[in-house]
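The structure under discussion appears below in the form of structure tokens.
Residue numbers count from 1 along this sequence. Keep in mind it's a predicted model, so treat the numbers as computed, not measured. In each ligand, atom 1 is the first atom listed, and ligand 1 is the first ligand listed.
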Amino acid sequence: MSRKYVYYFGKTKAEGDAKMKNLLGGKGANLAEMVRLGFPVPPGFTISTEVCKYYYDHGEKYPGELTGEVKAAMEMLEKETGKGFGSAERPLLVSVRSGAAISMPGMMDTILNLGLNNETVTGLINESGNPRFCYDAYRRFLQMFGDVVLKIEHSEFEKALASVKKEKGVKLDTELDATDMEEVVKRYLEVYKKAGKEFPQDPWEQLWMSTNAVFGSWMNERAIKYRALNGVKEGDLLGTAVNICTMVFGNTGDDSGTGVAFTRDPNTGERKFYGEYLPNAQGEDVVAGTRTPYPMTRLHEINPAAYNQLLDIFEKLEKHYRDMQDIEFTVEHGTLYLLQTRNGKRTPYASVKIAVDLVKEGLISKEEAIMRVTPEHIETLLHPYFTNETLESAEKLAKGIAASPGAASGVIAFDPETAERMVKEEGKVVILVRPETSPEDIAGMAAAQGILTSTGGKTSHAAVVARGMGKTCIVGCEAIEVDEHAKEMKVNGKILKEGDWLSIDGTTGEVFMGKLDSVKPQGLEGPLAEILVWADKIRKLGVRTNADTPKDASIARGFGAEGIGLTRTEHMFFQEDRIFAMRQMITSNTLEQRKKALSKLLPMQEDDFYGIFKAMEGYPVTIRLLDPPLHEFLPKEDEDVRDLAKEMGMGYYELKATIEELHEFNPMMGFRGCRLAVVYPEIAEMQTRAIIGAAIKLVKEGMNVIPEIMIPLIIELEELKYVKAIIVKAADEMIREAGVDLVYKVGTMIEVPRAAITADEIAREAEFFSFGTNDLTQMTFGFSRDDYGKFVSHYLEKAILPTDPFQKLDRVGVGQLVKMGTEKGRSTRPDLKVGICGEHGGEPSSVEFCHMVGLNYVSCSPYRVPIARLAAAQAVIKNR
Ligand code: ADP
Ligand code: MG
Ligand code: MG
């Protein structure tokens, strides 16, 4: 079978089409497609990406057939245009362009006007009768060829051009006449000589050297980096194609010009033609910024016929490609030519708006629209952001792991107390900078505008809590050195002190010096709200939220949450007025003492639950009983220990000893979760009373409350039976006494492998399951989510693990436990409701997995609810 390497596009024949992007590159495939559609495209041919691959596989050599195929294509081009490549009478000029299957902007500069030399330029003058244009074209070619192919310093050409302008006493290129341009050509040729390079007068030599340069550019540093940054793996693409295209000239006078246009506004998505036009210019003038282009209306004034033809083509192109297009065109002596079309890049907002509008215009289906919006789009739409303009002039200090999106500027505080004080008492906006955060920092984190830590990964405490709060956060920013005691940080050779301004971009992980202005996004309104309603109709998974406060609950409801999948009761204990009672409870030596402390906490908790139930009226609310190891609540500072000892009537050293004793060696695996309820049943009882008490109040007020009490860290049926009995006894007693109608459920988290394995047993007592995939991942892997910087990052770098399992649910390991647990659970309780409440609940690939294994719902932080709604619908569409 003989292989084909060159594909022609023109009136004679169009050998490619839009589907052949892999082989012809995006540019080549779309040029061929436009020819097929009958649009005015200058004819040409494309050397395929396979040649690029061959070139690298064979030590920078071409397949033997290539020369012949290129010659044949050129002959066809000569026939179609009636010109000759290298002809002194009617010279055929071409552009040599690069183009891979994906657009890699600015990878290699295009060479225009190839085929010109000292002889053909005279031919062109005779033919066109316009020497100014011809010398301008020639000098442009000399500059591009010298720069791109022979790597002569760009500035040398600039200098030569400037010297001619200076001698003539003019500022603009357009003010130079034919004689001046001829002079520029002479000086450019001298630039070649001075650089010790020879300008090839032979057009074929020009063509092959340029082709080599295009293929050579595929492996230059810029290109390799670009692909790495955009997640394109080496081997994903064959390489770049080379497009050789007959020149059309926008620089032949005022009835010519060149432009770039979008079929819709790429910033707002509005359906209006948006673009720029530059009369008497060649393509690169628009991009280079040497001359300021005009809005498209200018073309309408100069040449209404061409303008209207363009509008008509826009319409047809959009219909054909069913997406917004980004188009390059040139007008030569009043005649319009198209040189490129592609799906246009756009802002996240525009991307959602355009998808929704295209549905309304009948061009795409709702499903397609849903697939075109990405979770990242939604993420940026819901958080404040720095505009590109702001970022351009910003001084970047470092880059960490982007943990929670948004943009925040504030003065630095290095400890949570100072952060709180600065905000509450001094009215400042604060960025909390810490080596890492712990539950003790919650108040400071809540007060801060943004959080920056030097250690930790995407699911570290700082990251999880910040996302929950919807706060901008960067973690694992190893380039900063935080000295909490000296109240300063070192970064990039600079020292920043408490009170200095700092800005962080939680979407990119970048840290900037000083104060930057940010822009507030639109909430769930307009096209985003609309497309999510479509998503809701398609998705099978329910979407709940993780919320610890009434405020979070109502935010999440605004984002479309259908209930709460996880309320962490411990967060309520960290507030200042409560932590003391909590500490008393923990350090109590007798049941008496403990019950007294618990009775102080009870009304506070009841209040909390009342607020949360109310905010989620009509939807289920899952409340988890106390989960963390008790020592997390204990005082660390000496002063606090003394205060507590006094209150408790204990000696300082006695209390110290109690604290020591409570300290967990490995806080992940010890005395926590339902173990606390087994040892101190009175804690579970108090929490049940608070939950049911709040629910009864609301029922009496005529509201619909659906409480679900969730027991954490269960490993065994008997254990569940024991704790459930405490809950049921207290709850039933209260409901009976109140004489109300209240249905509640008692269920369990599945977050220890043993629970997943014995799920059929556990489901005999559990009325629902919720997979706590943070812990389940930790316990299945045997490493902690705070290990990211220590070694998990190395596992990713060395490709031992494909992704961070704390971020993306590990489908083959942890995921199998989820699947098995669900199946086993339903084998003994067929109507078992199963959800997930780990951080994975808002991560698109994990959401897809939850859909695939038939979970009932996912639960995630309020700001991820819209993402989960979208991802759940995308999962249905993808898995049809
Ligand atoms: P890029 O991939 O960077 O967009 P292109 O090859 O598309 O590079 O184009 C660079 C500029 O040169 C564009 O403005 C384009 O329209 C113009 N151009 C490319 N080929 C031709 C041609 N044959 N005739 C006229 N202008 C051209
Ligand atoms: Mg282009
Ligand atoms: Mg857990």
Side-chain angles (χ1 to χ4, degrees), residues 9-10 21 24-32 34-35 39-47 49 73-74 77 80-81 83 85 91-116 124 133 136-137 140-141 143-145 147-148 206-207 210-211 213-214 217-218 222-223 226 240-252 256-262 275-291 293 299 310 313 325-333 335-345:
F9 56 90
K21 284 206 172 90
L24 304 181
K27 206 179 275 168
N30 284 330
L31 282 169
M34 286 198 292
V35 168
F39 294 147
V41 173
F45 54 90
T46 298
I47 303 176
T49 55
M74 190 63 93
L77 203 54
E80 188 167 331
T81 57
K83 299 183 180 184
F85 191 53
L92 168 64
L93 305 188
V94 296
S95 63
V96 176
R97 320 163 71 181
S98 68
I102 58 154
S103 133
M104 297 168 54
M107 256 20 291
M108 200 202 89
D109 296 323
T110 290
I111 297 163
L112 301 178
N113 312 329
L114 187 139
L116 278 172
L124 195 65
F133 145 68
D136 180 40
R140 284 171 189 270
F141 171 50
Q143 182 163 353
M144 288 183 254
F145 188 88
D147 181 8
V148 176
Q206 295 170 359
L207 184 71
S210 301
T211 303
V214 172
S217 74
W218 179 250
R222 252 198 317 178
Y226 181 91
T240 181
V242 181
N243 309 111
I244 290 154
C245 187
T246 309
M247 279 306 301
V248 287
F249 301 101
N251 56 334
T252 52
S256 302
T258 186
V260 175
F262 292 83
E276 295 180 320
Y277 183 71
L278 196 54
N280 198 10
Q282 277 202 309
E284 80 273 13
D285 294 338
V286 181
V287 216
T290 42
R291 286 167 60 193
L299 178 62
L310 203 50
I313 288 173
Q325 296 295 296
D326 165 0
I327 295 153
E328 288 171 8
F329 65 93
T330 283
V331 178
E332 181 184 289
H333 287 313
T335 307
L336 176 74
Y337 294 95
L338 296 185
L339 290 159
Q340 190 171 342
T341 190
R342 63 187 150 196
N343 293 341
K345 292 216 162 35

Side chain to side chain, D147 and M144, heavy atoms closer than 4.5 Å:
no

Under a 4.0 angstrom heavy-atom cut-off, which atoms of ligand 1 come close to G283?
14 (O)

Any T110 side-chain heavy atom under 4.5 Å of V96 side chain
no

Just checking, any donor-acceptor pair under 3.5 angstrom between side chains of Q325 and N343?
yes

Note: ligand 1 atoms sitting under 4.0 Å from heavy atoms of Q340 are 4 (O), 7 (O)

Is there a side-chain contact between T330 and L339 (heavy atoms, below 4.5 Å)?
yes

Main chain of V242, side chain of S98: is a donor-acceptor contact present, judged purely on distance under 3.5 Å?
no

Under 4.0 Å to a heavy atom of C245 - the qualifying atoms of ligand 1, by number
23 (N)

Considering only heavy atoms, does E328 approach ligand 1 within less than 4.0 Å through its side chain, its backbone, both, or neither?
side chain

Those atoms of ligand 1 less than 4.0 Å from some heavy atom in T110:
5 (P), 6 (O), 8 (O), 9 (O), 10 (C)

Tell me every residue that passes side chain to side chain donor-acceptor pair (under 3.5 Å) with D136, counting only those two or more places apart in sequence or in another chain.
R139, R140, N251

Are any of the side-chain nitrogens in R97 or E328 under 4.0 Å away from the carboxylate oxygens of its partner?
yes

Which one holds for K27 and ligand 1: side chain close, backbone close, both close, or neither close, with close meaning a heavy atom under 4.0 Å?
side chain

Taking atom types as modelled, find out whether S256 and E332 have a side-chain donor-acceptor pair closer than 3.5 angstrom.
no

Do any N/O atoms on R97 end up under 3.5 angstrom from N/O atoms on ligand 1?
yes

Is there side-chain contact between L112 and F141, with heavy atoms separated by less than 4.5 Å?
no

Measure centre to centre between the rings of F249 and F133, then say whether the value is under 6.0 Å.
yes

Those atoms of ligand 1 less than 4.0 Å from some heavy atom in V248:
24 (N), 25 (C)

Which protein N, O or S atoms does the Mg ion (ligand 2) have within a distance shorter than 2.8 Å?
E328 OE1, E328 OE2, Q340 OE1

What do you reckon, does T246 have a nitrogen or oxygen under 3.5 Å from a nitrogen or oxygen of ligand 1?
yes

Only one of I47, V214, L114 passes side-chain contact (heavy atoms from CB on, under 4.5 Å) with I244, and that residue is I47

Check each heavy atom of L112 against ligand 1 and say whether those closer than 4.0 Å belong to the side chain, the backbone, both or neither.
side chain

